[in-house]
Amino acid sequence: MGLAQSTVSAHLACLRDCGLITSRPQGRASLYSPARPELLDLLAATGEAVDLCPTYGTHPAPAAPEEPAR
């Protein structure tokens, strides 16, 4: 996939927490699958939209308010 393992893990955690995928252990790994088969198209279409997720997305820190000049 060309992504860091931590990035993939964060995306999978987001999808699992939202109820979109399920996982089951297989040895030391986990196998993931859509919670409902019709979600495959939705998951494929969202791509980079996980950045918008309030829990796992990447959000810039809000700018500090400027103090008025005295």
Side-chain angles (χ1 to χ4, degrees):
M1 295 182 74
L3 300 170
Q5 185 272 332
S6 60
T7 301
V8 174
S9 291
H11 287 214
L12 290 170
C14 177
L15 294 171
R16 187 185 61 242
D17 292 349
C18 292
L20 297 175
I21 63 172
T22 60
S23 65
R24 65 179 173 88
Q26 173 121 5
R28 292 177 28 165
S30 293
L31 295 179
Y32 293 87
S33 59
R36 296 173 45 183
E38 60 271 18
L39 292 174
L40 282 175
D41 291 335
L42 173 66
L43 294 175
T46 58
E48 306 273 330
V50 75
D51 287 339
L52 302 174
C53 177
T55 304
Y56 297 98
T58 56
H59 303 283
E66 293 184 24
E67 292 191 26
R70 295 183 191 213

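Being a predicted model, the structure only gives us computed values, none of them experimental. Both backbone and side-chain heavy atoms feed into the values below; hydrogens, waters and symmetry mates do not.
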Chemist: Return the CD1 to OH distance between Ile21 and Tyr32, rounded to the nearest 0.5 Å.
Modeler: 6.0 Å
Chemist: Using the salt bridge (Lys or Arg N to Asp or Glu O under 4.0 Å) rule, collect all pairs that involve residues 20-37, keeping only residues at least two apart or in two chains.
Modeler: Arg36-Glu38
Chemist: Specify the closest pair of heavy atoms between Ala35 and Gly19, including all atoms of both residues, with the distance to one decimal.
Modeler: CB-O, 3.3 Å
Chemist: Who passes side chain to side chain donor-acceptor pair (under 3.5 Å) against Thr22, sequence neighbours left out?
Modeler: Ser33
